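A quick write-up on the structure given underneath.
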Amino acid sequence: MSRTGYERLPMHTVPELGPPRSRSPVRSFDFTKLLKITLALAVAVILYTFYFYEPHIEITFYSRKWINSEIEPVGQLAGCFDERRISAEYNASRYLKGPKEVEVHAGMGMRLGMDCYEFAATIPRSTSAMVDRPRLPPDERTQYHTYWRVDLAPFSERQEWMLKSFFATQDHAASRLVMWSNGDLSTNPILASYAHMHPNSFEMRVVDIPNLASGTALDGSPLLKTNDKKAWTDGDLVRLLVIWNYGGVWIDMDSLLTRDLSPLLEHEFVTQWDCYDKIYQPLNGALMHFHKHSPYLCEAFNVMATSAAPRADSTDWGALLYLKLWRRLLGAHIPPFKILPFCFSDARSCRLDNRLPDPFDGDDGSEARWWRTTKGGLQEGGDLDDALENVFAVHLHNQWDKTFPKGGWVERLLLNRYQEKLAEREDLSTANYIT
């Protein structure tokens, strides 16, 4: 008995009355299974998108500070186009205001199909004959310039292809190629052979930057000592100084010429960097033409002298400089220099379905896939062959450590033909004249 007189009942579980309680309809879900379903759906969406749509995506990050200081401001010209300042050696009435026969501006980006190559075909071909023509004195010929830095790599057979392309495509009677360098190249056996074979059409010179800059806005500037490991900034400087002093065409050493450039030379020009018209990097100087003491170059030197020093391994004295100058010219209501369409010299820089295949990959490479589906494919007489005949150069963008594949399209459609043309011209030269 308990203290209250009642007996304590035993403790036990009282059974529930009524039907058993049902479980919640929400069950725990396997996270791994959810992840698999999500991935499957994502793959399906991606495949669907790529099948029915053509995505165009390019992401580049630019410093806002850099944009605000280097891009957005449109500076003032330095007065180089003032009639009183234009050099007597520069025929402004002809070069700036004279009528032109050849149109090099298409007015559109020409990213689709073969449009750019077809536009290149509208440029008339030179009709100059290689025989029975008066040989111009070397200094009166169109001067072509290129540059090789002796401390970067030896001048060898790979570099020689640029020279072979020049002598296979340009008019020996009216042109001269000047090989500039930062050291003596005269003892190089390859170059010495060209100097011997073409005494009036080939010359080697050592760059004297302070002397070339005399009388420009960079005269005596410490900026003249600028260089980098890739020869970008000093190479960009040399090309402008050389053309300022001598006039003519600049050709980067990593180029293969495919056609006579003379029909383009009534214009002063640089080229498009690629077909995408990058907003801050739209222009390239790997192929350019300006006359001696051109006011365009005079203004370029003033931009260089008044801007921040170029960054190492940059295109500050290339693409960025040309853009700054172009915008200043527009701001002063002066017609700017021309801009050749990308494919004229850099057809490697466009869409996968219409840019030139990788020169260092075989015909079965992934980038050649689109050309293999065209008429004639990559063979002689095919669409690729026609495209190469229409454009003026192939820019290889350095890659000096690579070789052209044996039997590849570069060897068949370019290198072998250079050899054939050189042999033909050598026979003519021996029989008729010395170039």
Side-chain angles (χ1 to χ4, degrees), residues 128 130-131 133 135-208 231 235 238-239 242 246 248-262 286-287 359 393-396 398-404 406 410-435:
S128 60
M130 294 307 300
V131 293
R133 292 190 63 213
R135 309 294 123 189
L136 295 176
D139 289 342
E140 296 180 13
R141 302 181 180 197
T142 299
Q143 306 297 305
Y144 293 79
H145 307 275
T146 191
Y147 177 64
W148 185 251
R149 234 174 74 173
V150 297
D151 56 313
L152 290 184
F155 191 97
S156 61
E157 293 181 359
R158 168 65 199 285
Q159 287 75 31
E160 184 187 4
W161 281 116
M162 185 276 187
L163 273 65
K164 289 184 176 182
S165 75
F166 174 85
F167 285 103
T169 58
Q170 307 307 302
D171 184 357
H172 293 194
S175 60
R176 174 170 65 175
L177 176 63
V178 182
M179 169 68 72
W180 295 89
S181 66
N182 64 333
D184 186 11
L185 287 173
S186 61
T187 59
N188 181 283
I190 295 175
L191 295 172
S193 68
Y194 280 85
H196 175 73
M197 289 188 296
H198 308 284
N200 296 321
S201 300
F202 182 72
E203 184 176 346
M204 289 174 279
R205 297 181 186 176
V206 177
V207 170
D208 182 349
V238 167
R239 68 162 62 122
V242 162
Y246 299 98
V249 182
W250 180 271
I251 310 166
D252 271 6
M253 271 297 302
D254 56 349
S255 300
L256 296 174
L257 297 177
T258 57
R259 184 176 163 188
D260 188 353
L261 296 170
S262 60
L287 176 66
V394 177
H395 189 197
L396 302 172
N398 296 310
Q399 305 185 80
W400 296 111
D401 58 328
K402 297 183 180 180
T403 58
F404 302 116
K406 189 69 176 177
V410 172
E411 181 180 271
R412 295 195 323 275
L413 305 181
L414 295 178
L415 308 188
N416 290 346
R417 291 178 180 177
Y418 293 155
Q419 299 285 47
E420 294 170 2
K421 192 65 176 179
L422 289 172
E424 175 187 333
R425 289 187 170 184
E426 185 176 355
D427 291 341
L428 290 174
S429 177
T430 302
N432 297 288
Y433 58 86
I434 297 176
T435 61

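For the numbers below, each heavy atom of this structure counts, side chains included, while hydrogens, waters and symmetry mates do not. Everything quoted here is computed from the prediction, not taken from an experiment. Starting from 1, each residue takes its place in the sequence as its number.
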**Report entry** Residue pair Val394, Val410: steps toward the side chain to side chain contact (heavy atoms under 4.5 Å, CB included) verdict
**Finding:** CA-CA 10 Å; Val394 177; Val410 172; over 6 Å; no
Return the minimal non-hydrogen interatomic distance between [X] and [Y], and the atom names on each side.
X: Ser156; Y: Ile190; answer: C-CD1, 3.6 Å
X: His395; Y: Ala286; answer: CE1-CB, 3.5 Å
X: Arg158; Y: Gln399; answer: NH1-O, 2.9 Å
X: Pro359; Y: Leu396; answer: CG-CD2, 3.7 Å
X: Asn182; Y: Val150; answer: OD1-N, 2.8 Å
X: Ala174; Y: Arg141; answer: O-CB, 3.3 Å

Query - Lys/Arg N to Asp/Glu carboxylate O, Arg239 vs Asp252, below 4.0 Å - result: yes
Query raised in the report: Does Glu420 pair with Arg417 as a salt bridge, N-O distance under 4.0 Å?
Result: no
Would you find a donor on one side and an acceptor on the other, under 3.5 Å apart, between the side chain of [X] and the backbone of [Y]?
X: Asn398; Y: Trp400; value: no
X: Gln170; Y: Arg259; value: yes
X: Tyr418; Y: Leu257; value: yes
X: Thr258; Y: Ala393; value: yes

Query - Parallel, tilted or perpendicular, as decided by the 30° and 60° cut-offs, for the rings of Trp180 and His145 - result: tilted
Query raised in the report: Aromatic rings His172 and His198: how do their planes relate, parallel, tilted or perpendicular, breaks at 30° and 60°?
Result: perpendicular
How many angstroms lie between [atom1] in [X] and [atom2] in [Y], if you round to the nearest 0.5 Å?
X: Leu261; Y: Ile251; atom1: CG; atom2: CD1; result: 6.0 Å
X: Leu163; Y: Leu191; atom1: CG; atom2: CG; result: 6.5 Å
X: Thr169; Y: Leu422; atom1: OG1; atom2: CG; result: 9.0 Å
X: Met253; Y: Glu160; atom1: CE; atom2: CD; result: 9.5 Å
X: Leu177; Y: Met204; atom1: CG; atom2: CE; result: 10.5 Å

Requested in this report: Show the numbers, then the answer: is there a side chain to side chain contact (heavy atoms under 4.5 Å, CB included) between Met162 and Asp254?
Outcome: CA-CA 7 Å; Met162 185 276 187; Asp254 56 349; over 6 Å; no
Query raised in the report: Sequence neighbours excluded, which residues qualify as ring pair (Phe, Tyr, Trp, His ring centres under 6.0 Å) partners of Tyr144?
Result: Phe166
Query - Verdict with supporting geometry, Met197 and Phe202, side chain to side chain contact (heavy atoms under 4.5 Å, CB included) - result: CA-CA 9 Å; Met197 289 188 296; Phe202 182 72; over 6 Å; no
Query raised in the report: Is Arg176 positioned over the aromatic face of Tyr246, cation under 6.0 angstrom from the ring centre and no more than 45 degrees off axis?
Result: no
Query raised in the report: Under 4.5 Å between any side-chain heavy atoms of Val238 and Trp250, yes or no?
Result: yes
Query raised in the report: Is there side-chain contact between Met179 and Phe155, with heavy atoms separated by less than 4.5 Å?
Result: yes
**Report entry** Residue pair Phe404, Leu256: steps toward the side chain to side chain contact (heavy atoms under 4.5 Å, CB included) verdict
**Finding:** CA-CA 12 Å; Phe404 302 116; Leu256 296 174; 4.2 Å; yes
